[in-house]
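Everything on this sheet refers to the single structure shown next.
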Amino acid sequence: QEGRFDAKASDEDIHTANERRLKELIGRTAGKLHTGRSRNDQVATDMRLWLRGSIDDLRRLLCKLITILLERTEREIDVLMPGYTHLQRAQVVRWSHWLLSHASNLSCDFAKLKTLYSTVNVLPLGSGAIAGNPFGVDRKWLAQELGFQDVTVNSMASTGDRDFVADFLYWGTLTMIHLSKLSEDLIVFSTKEFAFVELSDAYSTGSSLMPQKKNPEIGRA
């Protein structure tokens with residue numbers, strides 16, 4: 001009623017906690033919650049459910065950032081700047097070209113995330129510990145109910161598979177590198193030596209000792 005769930009010291013994990021709480025509410029029937037399931041396939045399913053939701057959130061955030069870059073590109077297309085190689089002035093380019101270079105990287109990240117979603121969105125539930133279950137669990141129906149696009153094909157591989165986690169970590173690392181490039185450029189461009197951009201006070205901090213400073217904290221974060 002209060003929207004809270006309190007775990008107890010006697011709960012081995014979230015699955016036994018759920019079953020214990022359900023038993024408090026409906027009695028012995030709650031024991032059927034565990035039918036045809038092992039914590040092995042439940043944990044594998046939990047990880048995919050959580051990661052699937054996180055991917056949805058990241059796709060929305062990434063799409064929003066790309067959209068902002070594209071809007072600035074159109075609005076500031078007539079602004080010219082020097083393009084750099086080795087931090088040396090090389091060729092004249094449009095400011096929009098610089099913006100699009102980062103939008104392009106992030107668009108590739110967005111496409112990779114869409115592919116990763118398909119890899120994650122496969123249901124292992126019903127695989128049991130390693131060798132399935134004898135109860136005739138309708139895994140296709142479970143997948144449909146839980147919003148998965150398909151079921152895994154091998155129970156032993158399903159409960160031991162964490163490749164999708166490694167794939168996500170690689171994606172996250174690469175995406176953070178791209179965001180770091182964008183941040184580093186903005187930090188350099190906001191210095192007095194370059195003075196191409198001025199960051200809003202909302203995203204900067206000052207110095208108690210050196211009042212002339214405007215530190216780009218959002219870029220450093």
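Here the structure is a predicted model, which is why all the values come from computation and not from measurement.
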**Fill in**
Between L70 and A103 the two heavy atoms that sit nearest each other are CD2-CB, 4.4 Å

**Request:** Kindly assign one of parallel, tilted or perpendicular to the pair W171 and F168, based on the angle between their ring planes and the thresholds 30° and 60°.
**Result:** parallel

**Shortest non-hydrogen contact from L146 toward R52** = O-NH2, 2.8 Å

**Item:** Evaluation steps, side-chain contact (heavy atoms from CB on, under 4.5 Å), between T152 and L123
**Value:** CA-CA 6 Å; T152 54; L123 179 70; over 6 Å; no

**Prompt:** Does T191 reach the main-chain N or O of V188 with its side chain, forming a donor-acceptor pair under 3.5 Å?
**Reply:** yes

**Asked** So, for D150 and A143, which heavy atoms are closest and what is the spacing to 0.1 Å?
**Response** O-CB, 4.1 Å

**Salt bridge flag under 4.0 Å for residues E24 and R20** = yes

**Prompt:** Could you go step by step and tell me if S207 and Q212 meet the side-chain contact (heavy atoms from CB on, under 4.5 Å) rule?
**Reply:** CA-CA 8 Å; S207 168; Q212 81 281 5; over 6 Å; no

**Request:** May I ask you to say whether E76 pairs ionically with R94, meaning some side-chain N is under 4.0 Å from a carboxylate O?
**Result:** no

**Item:** V165 reachable from L58 in the ILVMFWY side-chain graph, under 4.5 Å edges
**Value:** yes

**Request:** For F194, look at atom CZ and say whether over 12 heavy atoms of other residues, nucleotides or ligands are found less than 6.0 Å away.
**Result:** yes

**Item:** Considering all heavy atoms, the nearest F110-C63 contact
**Value:** CE1-CB, 4.1 Å

**Request:** Show your reasoning for whether side-chain hydrogen bond (donor to acceptor under 3.5 Å, both in side chains) applies to S118 and N121.
**Result:** CA-CA 5 Å; S118 298; N121 198 29; over 6 Å; no

**Item:** Transitive ILVMFWY side-chain link L169 to L62, under 4.5 Å
**Value:** yes

**Request:** Please report the closest heavy-atom contact between N154 and S158, naming both atoms and the distance.
**Result:** O-OG, 2.5 Å

**Item:** pair W98-L182: side-chain heavy atoms closer than 4.5 Å
**Value:** yes

**Prompt:** Given side chains that start at C-beta, do those of H15 and D46 come closer than 4.5 Å, heavy atoms only?
**Reply:** yes

**Request:** Using a 4.5 Å cut-off on heavy atoms from C-beta on, say whether the side chain of H178 contacts that of D109.
**Result:** yes

**Asked** Linking I/L/V/M/F/W/Y whenever their side-chain heavy atoms sit closer than 4.5 Å, directly or via other members, would W50 and L113 fall into one cluster?
**Response** yes

**Request:** Give a yes or no on whether a salt bridge exists between D57 and R59, defined as a side-chain N under 4.0 angstrom from a carboxylate O.
**Result:** no

**Asked** With a 4.0 Å cut-off, would you call E184 and K181 a salt bridge?
**Response** no

**Item:** For the student: nearest non-hydrogen atoms of L33 and L22, plus distance
**Value:** CD2-CD2, 4.2 Å

**Asked** If Ile, Leu, Val, Met, Phe, Trp and Tyr residues are connected whenever their side-chain heavy atoms lie under 4.5 Å apart, and connections chain through other members, are I130 and M47 in the same group?
**Response** no

**Request:** Decide, yes or no, whether a salt bridge links R21 with D6 under the criterion of side-chain N to carboxylate O below 4.0 Å.
**Result:** no

**Request:** Please answer whether the main-chain N or O of D13 pairs with a side-chain N or O of T16 as donor and acceptor at a distance below 3.5 Å.
**Result:** yes

**Request:** Mind running side-chain contact (heavy atoms from CB on, under 4.5 Å) on S204 and N215 for me, showing each step along the way?
**Result:** CA-CA 5 Å; S204 308; N215 300 322; 5.9 Å; no

**Item:** Under 3.5 Å: donor-acceptor pair, side chain of R162, backbone of T159
**Value:** yes

**Asked** Counting only heavy atoms not in E145, do more than 12 sit closer than 6.0 Å to its CD atom?
**Response** yes

**Stepwise side-chain contact (heavy atoms from CB on, under 4.5 Å) test for T73 and I77** = CA-CA 6 Å; T73 293; I77 194 168; 5.7 Å; no

**Request:** Please tell me if the side chains of M81 and H97 come closer than 4.5 Å, counting only heavy atoms from C-beta onward.
**Result:** no

**Any donor-acceptor N/O pair, T45 side chain to D41 backbone, under 3.5 Å** = yes

**Request:** Indicate yes or no for a side-chain donor-acceptor contact from S190 to the backbone of L199 under 3.5 Å, with no hydrogens or angles considered.
**Result:** no

**Message:** Do L106 and L179 make a side-chain contact, defined as non-hydrogen atoms from C-beta onward lying under 4.5 Å apart?
**Reply:** yes

**Asked** Side-chain contact, heavy-atom cut-off 4.5 Å: L49 with F148?
**Response** yes

**Test item: R37 side-chain N/O and G126 main-chain N/O as donor-acceptor pair under 3.5 Å** = no

**Message:** Taking CG in L61 as the centre, count heavy atoms belonging to other residues, nucleotides or ligands within less than 6.0 Å. Is the count above 12?
**Reply:** yes

**Message:** Contact between K114 and I55 at the side-chain level, heavy atoms closer than 4.5 Å - yes or no?
**Reply:** no

**Message:** Closer than 4.0 angstrom, basic N to acidic O: yes or no for R48 and D161?
**Reply:** yes

**Prompt:** So do the side chains of I66 and S107 get within less than 4.5 Å of each other, counting heavy atoms only?
**Reply:** yes

**Message:** Taking the six-membered ring for Trp, are F196 and W95 closer than 6.0 Å centroid to centroid?
**Reply:** no

